[in-house]
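Following: one structure in structure tokens, then a few remarks.
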Amino acid sequence: MALVTTKEMFEKAYAGHYAIGAFNINNMEIIQGVVRAAKSQNSAVILQVSKSALEYANPLYLKAMVDAAVAETGIDIALHLDHGPNLETVKKCIDAGFTSVMFDGSHYDYEENVAKTKEVVEYAHSRGVVVEAELGQLAGVEDDVNVDAANATYTDPDQAVDFVKRTGVDSLAIAIGTSHGAYKFKGDAKIDFERLEKITAKLEEAGFHNYPLVLHGASSVDQESVETCNKYGAKINGAKGMPAEMLREAAKMGICKINIDTDLRLAMTAAMRKSFAEKPEAFDPRGYCGAAREYIQEIVTRKIETALGSKDSMK
Ligand code: G3H
Ligand code: 13P
Ligand code: ZN
């Protein structure tokens, strides 16, 4: 068994109307919690690493632990660079053995995003690595998005087709109303399903059959985790995320990869705070880190069942 790319995962996900979870990893407990949940559900999974995670943990350690996860579980696992800022970081990850990379040029103007993405695609493809890019701006924490703002920042369906055509990128992250972090919506959760439908239809019309789209900022901000954090001393107020049913819906409309980081952070913090509060005399890290690993496994298992639908996606 070895790490795989996301190619086959996405083909099966699109056809099966489900999404593969892409979970941000920073340490051993997160990796083990995520892959053990995926194994228990017989589901493929993507483990992704941000630039700050690379700096925190060192790609050598992360790669070695992810190889161990493949050996332990035998499930399909892709190792992915999340929000790669430049070609240099992309190269570092490919050299370290990552099977998938994201180049995030969404903050550049359109032509620059096209040119830089194309360069990354050429480099990655010549080494058998797949590429995700991003088009459009995810909403900010406090953004109240009206129609004009949505048109200015969300992904334009025609531009998405042009972008895929010109860059040859393997999957595309789109902006349809989600945002990173724990404070996604002030009122009800809203995403632009109509725009998603248009993007999917236009890509199909243009000959990109079953083209995989990616949803960032897709944590549900599990309220049980938030309440546990707050019960044991945290101050996380007004946090709100993407309801599982909306994610499930998006997964039936061409979203093949759903990114989750905040939910893991909340789960880890909740479990550790609870452990510290309930066992004030304990100081063995295996106690509270173990509790965090177990809770992450529980949260990811639930997510596969309710939001992703990827149960039994392994052949
Ligand atoms: O989308 C970003 C991820 O949540 C990673 O965050 O840069 O703090 O590791 P980070
Ligand atoms: P969340 O903050 O919603 O978990 O999003 C994570 C993400 O998009 C990582 O790229
Ligand atoms: Zn993201």
Side-chain angles (χ1 to χ4, degrees), residues 6 19-27 29-31 33-34 45-59 61-62 78-86 89-90 93 98 100-107 113 131-143 153-155 171-185 189-191 212-223 225-226 229 236 238-244 246-247 250-251 255-270 296 299-300 302-304 306-308:
T6 54
I20 301 290
F23 297 94
N24 285 73
I25 56 166
N26 297 281
N27 61 35
E29 283 74 15
I30 299 176
I31 295 171
V34 171
V45 74
I46 299 166
L47 300 178
Q48 59 185 9
V49 183
S50 69
K51 182 172 177 280
S52 28
L54 288 172
E55 285 159 6
Y56 174 77
N58 182 327
Y61 283 81
L62 292 170
L79 178 57
H80 173 78
L81 166 66
D82 187 31
H83 293 283
N86 50 42
T89 311
V90 163
C93 289
F98 283 44
S100 172
V101 290
M102 175 190 191
F103 169 69
D104 181 0
S106 59
H107 52 288
N113 191 2
V131 181
E132 171 187 331
E134 180 163 327
L135 191 61
Q137 303 280 330
L138 261 65
V141 173
E142 292 300 327
D143 291 351
T153 55
Y154 289 3
T155 308
S171 61
L172 185 68
I174 55 168
I176 52 171
T178 58
S179 61
H180 290 110
Y183 304 92
K184 300 189 193 301
F185 303 102
K190 271 202 301 269
I191 56 170
L213 298 171
V214 178
L215 196 62
H216 282 245
S219 277
S220 294
V221 188
D222 179 60
Q223 291 302 304
S225 300
V226 174
C229 286
I236 303 169
K240 200 168 199 179
M242 283 290 301
M246 286 172 86
L247 294 171
I255 297 288
C256 293
K257 173 174 180 271
I258 286 185
N259 281 15
I260 294 144
D261 186 2
T262 298
D263 279 337
L264 304 183
R265 295 178 180 199
L266 288 168
M268 185 151 201
T269 306
I296 286 174
I299 291 284
V300 173
R302 217 181 292 160
K303 209 163 268 299
I304 290 172
T306 60
L308 302 167

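Order of appearance sets the numbers: ligands from 1, and atoms from 1 within every ligand.
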- Message: Quick check: Asn26 and ligand 1, any N/O pair under 3.5 Å apart?
- Response: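 By distance alone, the answer is no.
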Determine whether [X] and [Y] make a side-chain contact, defined as any pair of heavy atoms from C-beta on separated by less than 4.5 Å.
X      : Y      : answer
Leu264 : Val300 : yes
Gln48  : Asn259 : yes
Ser100 : Ile46  : no
Ser171 : Glu132 : yes

Specify side chain, backbone, both or neither for [X], according to which of its non-hydrogen atoms lie closer than 4.0 Å to ligand 1.
X      : value
Asn24  : side chain
Lys51  : neither
Arg265 : side chain

- Message: Using a 4.0 Å cut-off to any heavy atom of His83, which atoms of ligand 1 qualify?
- Response: 1 (O), 2 (C)
- Message: Could you tell me, atom by atom, which parts of ligand 1 come under 4.0 Å of a heavy atom of His180?
- Response: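 Answer for ligand 1: 1 (O).
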- Heavy-atom pair of closest approach, residues Ala173 and Met102: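 Heavy-atom minimum between the residues: CB-CE, 4.4 Å.
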- Say whether Ser106 and Asp104, considering side chains only, have a donor N or O and an acceptor N or O under 3.5 Å apart.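 The answer is yes; a qualifying pair exists.
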Short side-chain to backbone donor-acceptor contact, [X] and [Y], under 3.5 Å:
X      : Y      : value
Asn26  : Ala53  : no
Asp263 : Phe23  : no
Thr155 : Leu135 : yes

- Protein residues near ligand 2, heavy-atom distance below 4.0 Å?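 Correct list: Asn24, Gln48, Asp82, His83, His180, Gly181, Lys184, His216, Gly217, Ala218, Ser219, Asn259, Ile260, Asp261, Thr262.
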Return the closest protein heavy atom for [atom] as residue, atom name and distance.
atom                    : result
atom 5 (C) of ligand 1  : Asp261 OD2, 3.3 Å
atom 10 (P) of ligand 1 : Ser52 OG, 3.2 Å
atom 9 (O) of ligand 1  : Ser50 OG, 2.6 Å

- Can you tell me the angle formed at the Zn ion (ligand 3) by NE2 of His180 and ND1 of His216, to 10°? 130°
- Testing Arg302, Lys240, Arg265 for salt bridge (charged side-chain N to carboxylate O under 4.0 Å, His left out) with Asp222, which one passes? Arg302
- May I ask you to check whether over 12 heavy atoms, not counting those of Lys51, lie within 6.0 Å of atom NZ? no
